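Nothing here was measured: the structure is a model prediction, and the numbers come from that model. In what follows, every chain begins at residue 1, and chains take the letters A, B, ... in the order their sequences are listed.
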There are 2 protein chains.
Amino acid sequence: MPRPTIEDVAARAGVSRALVSLVLRGSPKVSAGRRAAVLRAAEELGYSPHLMARSLASRTSHVLGVMVSDLHNPFWAEVVDGLDAGARSAGFELVINTGGRSPARERQALTGLLSFRPAGVALLGPVLPASAFTGASAHTPVVLVSRSSRVSTVDTVNDDGRAGSAMAVDHLVSLGHREIAHIDGGNGSQSAPRRTGYVTAMRRHGLTPRVVRGEYTEAAGAAAVRALLSPAPPTAVLAANDLNAVGAISALEEAGLSVPGDVSVVGYDNTWLAALRHVSLTTIDQPRAEMGRLAAEALVHRVRGERVTPARHLLPPRLVVRATTAAPRAMSGL
Amino acid sequence: MPRPTIEDVAARAGVSRALVSLVLRGSPKVSAGRRAAVLRAAEELGYSPHLMARSLASRTSHVLGVMVSDLHNPFWAEVVDGLDAGARSAGFELVINTGGRSPARERQALTGLLSFRPAGVALLGPVLPASAFTGASAHTPVVLVSRSSRVSTVDTVNDDGRAGSAMAVDHLVSLGHREIAHIDGGNGSQSAPRRTGYVTAMRRHGLTPRVVRGEYTEAAGAAAVRALLSPAPPTAVLAANDLNAVGAISALEEAGLSVPGDVSVVGYDNTWLAALRHVSLTTIDQPRAEMGRLAAEALVHRVRGERVTPARHLLPPRLVVRATTAAPRAMSGL
DNA sequence: ATGAAAGCGCTAACAA
DNA sequence: TTGTTAGCGCTTTCAT
């Protein structure tokens with residue numbers, strides 16, 4: 001048994017399709033009697049409008065497509081919260097897709113999203129090549145979160161990764177560390193600026209950078225630490241993100257090194273994982289909900305044609321000191 | 001500039017709309033020459049079909065709607081992985097929505113999903129009243145994950161929560177515990193069977209159940225522990241889920257109690273959070289990916305009309321012993 | 001205030 | 001093998 005259509009409602013209420021349409025969209029130019037009849041008929045039939053037929057006919061859409069690169073990383077859940085709030089308050093609805101941190105899968109996800117002809121698309125931490133979304137941005141507003149772009153039809157929302165890494169380095173240096181290693185995010189989104197920020201800050205302090213390639217996962221954090229163990233472990237590690245940091249901590253402890261006693265560890269993101277009292281990770285906070293909200297806003301502005309120049313949000317990160325950083329052993333013994 | 005339509009492609013390739021449609025859907029009854037021309041035109045225009053116009057015309061859908069109750073709980077990300085794999089291999093695509101653990105929001109999410117007229121809908125850990133989805137299930141196949149239902153038009157995929165809780169209790173009892181408390185999941189999905197399993201197992205061992213109301217969050221775990229501290233803390237706690245367990249552990253440690261030295265803690269779900277070496281939580285494993293796969297399969301079977309009887313998957317949970325459980329202090333002193 | 005008619009992008013008979 | 005025609009469920013002029 002197919003779902004009831006507007007035609008069914010019209011028939012039951014004894015009016016025309018057009019009238020039902022008006023009532024459903026709250027037009028004031030409908031008599032109270034007819035309005036009541038239509039609403040009752042709709043109610044009785046359990047009618048709910050076919051959103052896509054509607055947007056096909058009206059040539060408009062109130063759907064924002066969201067591609068999440070990695071549903072497992074709590075960071076994105078928190079960004080989605082902000083996006084959801086922003087979209088909702090502007091009368092838009094979210095449709096989410098996931099990319100599994102693979103360019104090919106992300107491409108599919110984006111195509112899938114676009115096939116709904118959404119009003120706009122947000123790509124959260126995409127790793128796909130820029131060409132994949134610049135084309136789309138000609139027809140549909142696109143906003144990138146945690147990834148930069150110079151394409152003028154694409155908006156971006158990022159934290160200042162260079163500044164964030166520098167804050168972490170400065171914090172560690174001020175504690176007395178001089179051997180500070182960095183596990184990077186490989187070809188993950190935003191890993192380049194964070195790496196640059198780290199290297200620059202190290203040089204500024206007259207220290208030698210030591211970067212080991214990683215990924216935004218726990219396993220990569222653990223693997224990277226094993227690589228760092230020889231010839232001699234650093235006294236501090238700036239991880240790619242919180243997840244990565246937790247993996248690094250585990251591997252350090254497995255190797256018989258205590259955190260922060262022997263090695264200090266700093267994460268990045270400040271997700272709930274870092275805040276777990278049991279983890280208490282010193283980390284760099286990104287304003288996650290705010291980033292989501294700004295992404296929604298950027299899209300909505302483009303949709304409404306209120307802006308044609310690219311939005312380039314670069315938000316200031318913030319150091320959050322918790323329990324995984326301390327003065328190096330040699331220093332504390334002084 | 002609007003996106004190109006099938007009409008644009010047809011014009012550019014010098015053929016009719018219908019022919020383009022045939023080519024795009026891989027019909028064999030098209031000459032090689034025309035096919036090439038059409039594909040080239042589509043390529044040049046960057047054309048991608050309007051999925052909703054397609055499903056409107058064909059009266060079919062290859063979209064599965066997914067309502068995730070809580071995007072922050074890693075459990076669901078792992079279920080979605082399975083769902084995605086299952087859907088993909090059957091030629092379906094996922095559209096995800098989130099409910100924020102609130103009945104009202106979930107209702108909106110479900111309505112939003114249904115307005116796309118998906119082939120089927122999966123509700124992951126819904127807390128909304130059954131009436132909200134029984135109506136929908138008359139028109140659209142519905143599968144519930146981590147929530148039971150007796151409605152014959154609704155399929156369900158659950159782990160055996162009673163058995164899972166019993167396993168946890170048995171494990172703790174075998175270690176020598178007698179004062180075992182349970183933090184429940186409040187009105188969260190599946191909290192009832194887990195609680196029943198706990199109470200039944202406790203009675204079977206001649207022990208007195210002690211249940212404190214909770215929720216599937218870290219904060220609730222911490223709050224529940226504070227309530228458990230007086231008059232005297234138990235020697236073991238079965239938490240509502242992994243997230244909850246981690247909160248409980250933090251609160252215990254804050255109160256000066258060590259885990260598992262003073263108090264043993266068992267989680268539920270076996271998400272990556274529990275597996276983090278830094279957490280090493282003893283927990284009850286649910287086959288998350290498998291549950292997602294089964295949910296997708298249930299939907300696909302209904303869509304294809306291959307089954308009209310309700311699917312009732314009840315999967316066996318499994319005890320995973322890690323580092324948060326040990327014999328109680330009094331025993332180990334013997 | 002209400003209805004008739006056209007059309008959104010596409011598929012599915014049916015013709016040719 | 002290809003084109004023509006009639007919708008799918010809805011909105012939107014344009015009349016009335």
Tell me, for nucleotides 1-6 of chain C in 5' to 3' order, what letter each nucleotide earns: B for a base near a protein heavy atom under 4.0 Å, S for only sugar-phosphate near one, - for neither? SBBB-B

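Taking 4.0 Å as the cut-off between side-chain N and carboxylate O, B:Asp155 and B:Arg302 count as a salt-bridged pair. In summary, B:Arg40 and B:Glu43 do not engage in a salt bridge, as defined by a charged side-chain N under 4.0 Å from a carboxylate O.
Applying the side chain to side chain donor-acceptor pair (under 3.5 Å) test to B:Ser137 and every residue at least two apart in sequence or in another chain returns B:Thr153. With sequence neighbours excluded, the residues that form a side chain to side chain contact (heavy atoms under 4.5 Å, CB included) with B:Ala119 are B:Ser61, B:Leu64, B:Phe92, B:Val303. In this structure B:Asp8 satisfies the side chain to side chain contact (heavy atoms under 4.5 Å, CB included) test together with B:Pro4, B:Thr5, B:Leu45, sequence neighbours excluded. Here B:Glu306 pairs with B:His301, B:Arg304 under the side chain to side chain contact (heavy atoms under 4.5 Å, CB included) rule; sequence neighbours left out. For A:Asp159, the side chain to side chain donor-acceptor pair (under 3.5 Å) test picks out A:Tyr268, with sequence neighbours left out. For B:Ser149, the side chain to side chain contact (heavy atoms under 4.5 Å, CB included) test picks out B:Phe133, B:Leu144, B:Val151, B:Val154, B:Thr156, with sequence neighbours left out.
A:Ser146 approaches A:Met291 most closely through the heavy-atom pair OG-CE, 4.2 Å. In terms of heavy-atom proximity, A:Ser115 sits nearest to A:Gly112 at OG-O, 2.6 Å.
Screening residues 99-114 of chain A for side-chain hydrogen bond (donor to acceptor under 3.5 Å, both in side chains), with sequence neighbours left out, gives A:Asp70-A:Arg101, A:Arg101-A:Glu215, A:Arg105-B:Asp84, A:Gln108-B:Arg88. Residue pairs meeting the side-chain hydrogen bond (donor to acceptor under 3.5 Å, both in side chains) criterion with at least one member in residues 23-39 of chain A, sequence neighbours excluded: A:Ser21-A:Arg25.
For DNA chain D, the outermost nucleotides in 5' to 3' order that have an atom under 4.0 Å from a heavy atom of chain A are D:dG9 to D:dT12.
At a non-hydrogen distance threshold of 4.0 Å, A:Leu56, A:Ala57, A:Arg59 from residues 47-63 of chain A come into contact with DNA chain C.
Terminal axes of the helix from C:dA1-D:dT16 to C:dA16-D:dT1 (five pairs each, C1' rotation axis) are separated by 40°, to the nearest 10°.
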